[in-house]
Amino acid sequence: MWIKPQEIFLKTALWDTDDTSLYFVLQRRKGHGKSKGFSSLLVGTLDSVRDTKPAPYRILHQTPNSEVYYVIATALTEPEIRQDWQWLFDNVCSTLHSFDTEEEVTEFVCCKINSLIATEQETFTEDEDTVTYKNVDYEFHERFRMPKDEKLVCYYSCSYWKGKMPRQGWMYLSVHYMCFYSYIFGRKTSIKIRWADVTELAKTNSLLFPDSIKVVTRDGEHYFTLFLRKNETFALMQQLANIAMKQLIDDKTGSFNIDKELLTKLSKNVPKKPSFLKRDLDARKQSNLFTLRFRLPQNEKLDGTEECTLWTPYNKRHNWGRLYLSQNFICFDSRVRNLVRLTIPLRNVHQVERADSGGTASSSGDSGSILITTAHHTSFLFGNISDRDFLVHKISELLAKLPKEKATKALAQNEVEGWMPQPPLMTLFRTHQTSPIKQIQQKKEKQWEDHMAEVGRGVSMYQTTEGSELVVNGIPELLRGELWSVFSGSILQKAQNKGLYERLVNKALSTKTQANDEIERDLHRSLPEHRAFQNDVGISALRRVLCAYALKNPQIGYCQAMNIVASVLLIYCPEEQAFWLLATICETLLPDYYNTRVVGALVDQGVLEELTEVHLPELHAKLDELGMMKMISLSWFLTLFISVMPYECAVNVMDCFFYDGAKVIFQVTLTILDINREILLKCTEDGQAMQVLNDYLQGIYNEEAMALSTEARTAEKTIKIQELIYQSYRSYGGSVSSENIEHLRLKHRLRVVRQLEDSLEKNTLRALQQDKLLELNELQELLSAIREELLWAKRVPCERLEAPYESYRLDYTQFKTLYFALSPWAKGDFAEAITARMFKLMDYDDDGIVSARGLSVALGLACRADAARRLRALYAAHSPPLLPRRDLRPTHFTDTGEELATDAISFFDSIEEEPASPEPGPLQRSISEVCGDGAHMDKSDSETSQIGNSYISAESVRACGLAGLASAASTPSVAPAAPPLPRDHFLQLLAVLHDLTQTQPAVYEAVVLAGTLLLQLGELNHRPLLDREISQDSLFLAAAAKQPEAQLDPNGNATEPEQESQKPSPSKESEPDGVWSITLEQFLATMLSQPALEEFFNEKVSILPELELLRTRDRLQSVS
Amino acid sequence: MGTREDEYDYLFKVVLIGDSGVGKSSLLSRFTRNEFNLESKSTIGVEFATRSIEVDGKTIKAQIWDTAGQERYRAITSAYYRGAVGALLVYDIAKHLSYENVERWLRELRDHADQNILIMLVGNKSDLRHLRSIPTDEAKAFAERNGLSFIETSALDSTNVEPAFQNILTEIYRIVSQKQMRDPPEGDVIRPDAEPTDVRPSHSDNVRKQCCQ
């Protein structure tokens, strides 16, 4: 690669010269490639310690009389540099002779190289990464044998504690791995850890490992220290581990995607980082924090931020804070926490103008102000903007990019579909409210009206301290729907997706899915105490919301608890708003809570446990002892307290929850535990403690709202909900913050996902052991090999209903990779054929996917089963319909495979000539003859085969082949009868047996002998059929009628007709032809009568060595 | 809390499992509170109730854990099987699928519960005679094959609910008391190697259920 010519004076230090010419020198860095010796060792060490890592090859330009050298090209590999070298020779050297002075030569060379770079840069403008980074990236891939598509994110200098000695080296963080490499005076330390295997990341400061980052995997602990930027490193490590965990949770096949858009967005504000990806991740992280803070849709990308002031008209002040700009929003958050927060959707922006900084109190010169007017004629004044023009320009740019709103169709369409969205159900199902309650509600409404008159209403209201106080008091019932939508940000989602709800409902209601069935079952079990849900109006609305959401987000589908939450939303909100609130809860506020493994809820249990340990240590110890710390509040969180306290109280918690986020449920829970601490500490068993908390929660009451329920609350009153919420803010409002929660969630997600993986693995192992084939340690290794394989295929195990091992799903490619590497049967020329047939045998439902058990059984049979079972499996794998007729032609086999098969047949021919044949008499026929008319024999072309009278399904063939397994789904008492094997199939089987035994002459011969016997037996079977009544066998007749005329023999033995004619055969004369076949019993009996064969197939083989090999193999080769 | 509740000779933990919507919670409320709500909230995670009964003059406190039936809660609910000495595996006699899934639930128990757990197969909603899809004999035969006891109940008209719980608790009691006779406990100390089923009679507050697995 050409680089801008740089002057250097020292030519030789640390470099070896490989090649020279009059004007150029090609050099190699010491310690690279061939050169060895002490100096190279030293350079190797220096390179691994220094920050800038020079490329190992370079070309210098030099003129004979000059002391100055110019580096004009560098490269990472020798061929690359040679290519440049060659180019110089071909294009430059000849020209150089024509110059008069050396100065001219140098000038020409530099000019030439610069122009080269200029032209090259045009093709490389997309390339964001710096040269240094590229070098490191290359090293990283080389050192750790990473596949090409593994992306290095960043690298840091640090030390690794190896024993008591810190080793200075480099930490490489990539999307899937963290690696460490150090090379100090010939001692190499190399560590490679997959993020998905990390169970804990922590900053520690122990005596033994001062100021370190601790990385715990299942295999052990690692400590790293002496970071230049420890916090940055740690944050990045957390982020990467988290991405890995997210992938495990979501079962999304999509890998990590680089978000180019994000990168360009943040490039103005973020200092240059070594890696494109690192910058991308930084941007992603900032965007996440941003969307979280302002409750924006998750895919919103932060464009930039700017310090400025916001003028708040209600108190006539300028408030310092930060302005955030993203594709769809302008947001502001005050520097003083909770003072004022604002979100303006760009969609609503009518006008952006430079305002005179007349009123601003602060410095005059650069206090540029911007006035933003929205469509509702509300204005927002930002001041003290340092780069006003840029900001105005940027905003107009974003405004121009806004997608044009499509005219949405009126809701009239719904009437055609037969449904209308419902208004808040409480407006339809009123209850008589006592006048004190009415007064309270009216007073609150008045307060809010006054407040909103000052701060505005809707999306862009100023969210102030005063506002939050009103929220804590409890939002009046009539305003709940509106304010919940604003605070949670769901109003933005709704506005961005006009008409979507309607479309989803129409589609969802007309399809039948499992989720819909589950929803149907729970509709009447959501909020049955409320009149609205004793009525079809409420039930239908609930059905629509839940079904539409299941359709919108198949990752979640429907999870019990969503019904309960949604029903309460429907009481206070119009239907569509309720839907978007539900979406916001599921996706933003309670992430992963309702997915197929309820991971989010488990993560938050961990978070709660940690918070309890910090704030209520005594109680934590007690609850832990009772064994209930991990599950105490699961249903509290999952239903936002609705299922555990009267819902008219739970909604007050929801008021705060939508306003302040998930931290609220934590602080309320901690408060509840704190209040009940004394009683809980006295409890002696978990049930008792549960009861204490249940009674307490049931007794919470709300005097300011009338329950809209039919039943009166009977529980003994314990605490006013308002009091509980006040107390929770007072005690924990400050110490439990959203950032804190997010941070803890990150930490506990590692643990939870790991636990789920572990338990899945444990259950799988237990299930696989029941097959009694492979040993436990083999199974463990095998499972980790499977996991590895799936990981590389970017597929993650997902929890399945049927059996644990079904979670590991291998397609044929993956199965083949592993079977090839591990099975003793996949060594010869027929490896591919055997693998394919074993795959088919194990693929119960013919969906091209085999479970972990399928592979373990396929391997176990080959290694551990007794001879009879192994042969039976092979037999079944070669039976129709598992091995369909069309697969007999060995098109995909190797040439040698075909040759071998042909060899085998000719071998039969040769031994057939021998006089001492065990089956003498008229039955003795030439094998070649049999081969000759083989095409007439096989009638199986379809998936199910028709042999004789028996109709054989693939299912029963499999059951037969795998007979003897522990619990094949429904174990019939008698193993199903095996189908007889048609001739062509049998020949294939024989060829395979040949292949398996070819290295052992004695066994090989035994196969040959048994094969001959069986072929003759086949003939024997053939005969009696002729005498059989075949009149009823109409299917058989039909099949026989369309005998193919072509030679379908797989082994291509088409040249035997003479022999055939010499020996008149009775079967030739009869019409139709009988069926040549071998039964399983004949096959087994004949094979096992050969001691050599029996011994061979009884031999127990361990696959541990192969597993070891597999583990250490070079991934680069197997991937690319 | 209540003193009367605290006096018991034995404390048995029993879990209610089975598909969603078969009536586990209804059985629980019928047994513990003699209540029946045609419509109650779906169970999230686990719920819990107790009731004490008398067997042979001994007070047995049954601690009954009601679990969510939905598939995705299984990882959570199976954590509650630990320490349970009995399980009521409930299906809906009118819903064939809930009966088909019984095998899967058995496997769950095998995987996560104590080996000696007593299991009773319960066909609930026996009041829905006209909708029955699983003949009593079939379920009975299945139960016998798998070594489970069997009963059909109706939480709605309270048929057999009392006997169902009584039977399983009595059976547990018999096993536990026989075991105690075979190897009597040493003093008042809980043997560290005690079986989970072995719950010591107690008069003091500090006796806890032992789960040693």
Side-chain angles (χ1 to χ4, degrees), chain A residues 518 521-522 524-529 533-534 557-561 563-564 594-599 601-602 605 625-627 630-631 633-639 642-644 679 682-688 690-692 694-695 755-756 759-760 762-763 766-767 799 801-804 967 970, chain B residues 1-2 5-6 11-13 19-23 25-26 37-50 61-65 68-80 82-83 92 95 97-98 101 103-104 107-108 110-112 199 202 204-211:
Chain A
E518 287 180 330
R521 209 165 38 205
D522 285 346
H524 292 270
R525 309 200 293 155
S526 304
L527 200 61
E529 69 262 39
F533 298 100
Q534 295 158 2
Y558 166 70
C559 179
Q560 283 184 333
N563 58 331
I564 293 172
Y594 303 112
N595 74 9
T596 50
R597 294 194 272 174
V598 223
V599 175
L602 292 173
Q605 290 302 295
E625 176 198 332
L626 292 176
K630 288 253 162 35
M631 44 79 166
S633 58
L634 203 68
S635 58
W636 306 4
F637 284 21
L638 277 159
T639 63
I642 301 163
S643 68
V644 288
I679 312 176
K682 287 198 196 103
C683 287
T684 52
E685 30 106 356
D686 51 356
Q688 204 182 345
M690 281 281 272
Q691 201 62 53
V692 167
N694 277 354
D695 291 344
Q755 273 172 1
L756 287 171
S759 80
L760 178 65
K762 209 176 75 197
N763 292 339
R766 181 154 44 187
E799 198 95 23
L801 332 173
E802 303 82 16
S967 53
S970 52
Chain B
M1 301 262 292
E5 275 286 295
D6 275 355
L11 174 70
F12 295 152
K13 175 173 168 182
D19 275 13
S20 177
V22 296
S25 304
S26 297
N37 289 322
L38 197 56
E39 285 161 352
S40 58
K41 282 198 186 85
S42 28
T43 309
I44 308 303
V46 279
E47 278 165 25
F48 162 87
T50 57
K61 183 171 175 183
Q63 192 186 73
I64 301 157
W65 297 78
Q70 205 187 14
E71 183 67 40
R72 57 187 78 188
Y73 285 108
R74 194 154 307 171
I76 293 168
T77 53
S78 58
Y80 290 80
R82 248 180 21 185
D92 178 347
K95 286 223 178 67
L97 188 64
S98 72
N101 284 336
E103 280 203 56
R104 204 183 289 168
R107 199 164 52 218
E108 267 308 288
R110 220 175 23 231
D111 283 353
H112 299 284
V199 183
S202 82
S204 60
D205 266 5
N206 60 356
V207 168
R208 292 203 301 110
K209 171 180 49 67
Q210 266 308 96
C211 344

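- Taking a cutoff of 4.0 Å between a charged side-chain nitrogen and a carboxylate oxygen, A/R597 and B/E71 do not qualify as a salt bridge.
- Across A/M690 and B/V46, no two heavy atoms sit closer than the pair CE-O, 4.3 Å.
- With a 4.5 angstrom heavy-atom cutoff, B/T43 touches chain A only via backbone atoms.
- Between chain B and the options A/L638, A/L527, A/I642, heavy-atom pairs under 4.5 Å are most frequent for A/L638.
- Interface residue A/T639: only side-chain heavy atoms are found under 4.5 Å from chain B.
- Rounding to the nearest 0.5 Å places CD of B/Q70 at 12.0 Å from OH of A/Y594.
- Side-chain atoms of A/D686 and B/Y80, non-hydrogen and from C-beta on, never get closer than 4.5 Å to each other.
- To the nearest 0.5 Å, the span separating CD on B/E47 from CG on A/N694 amounts to 7.5 Å.
- In this structure, CG on A/L634 lies 9.0 Å from CD1 on B/I44, to the nearest 0.5 angstrom.
- With a 4.5 Å cut-off on non-hydrogen atoms, B/I64 does not touch chain A at all.
- For A/Q691 against B/F48, the heavy-atom pair with the smallest separation is OE1-CE2, 3.3 Å.
- Between the side chains of B/Q63 and A/E685, at least one donor N or O lies within less than 3.5 Å of an accepting N or O.
- Only the backbone of B/S40 comes within contact range of chain A, with heavy atoms under 4.5 Å apart.
- Residues satisfying the salt bridge (Lys or Arg N to Asp or Glu O under 4.0 Å) test with A/D522, not counting sequence neighbours, are A/R525.
- In this structure, A/W636 has no side chain to side chain donor-acceptor pair (under 3.5 Å) partners at least two apart in sequence or on a different chain.
- The two residues A/I564 and B/K41 come nearest to each other via the heavy atoms CD1-CD, 4.1 Å.
- Of all non-hydrogen atoms in B/Y73 and A/C559, the two that sit nearest each other are OH-SG, 3.5 Å.
- Between B/S42 and A/Q560 the shortest heavy-atom distance is CB-NE2, 4.1 Å.
- A distance of 9.5 Å separates CD in A/E518 from CG in B/D19, rounded to the nearest 0.5 Å.
- Of the atoms belonging to A/Q605, not a single heavy atom falls under 4.5 Å from chain B.
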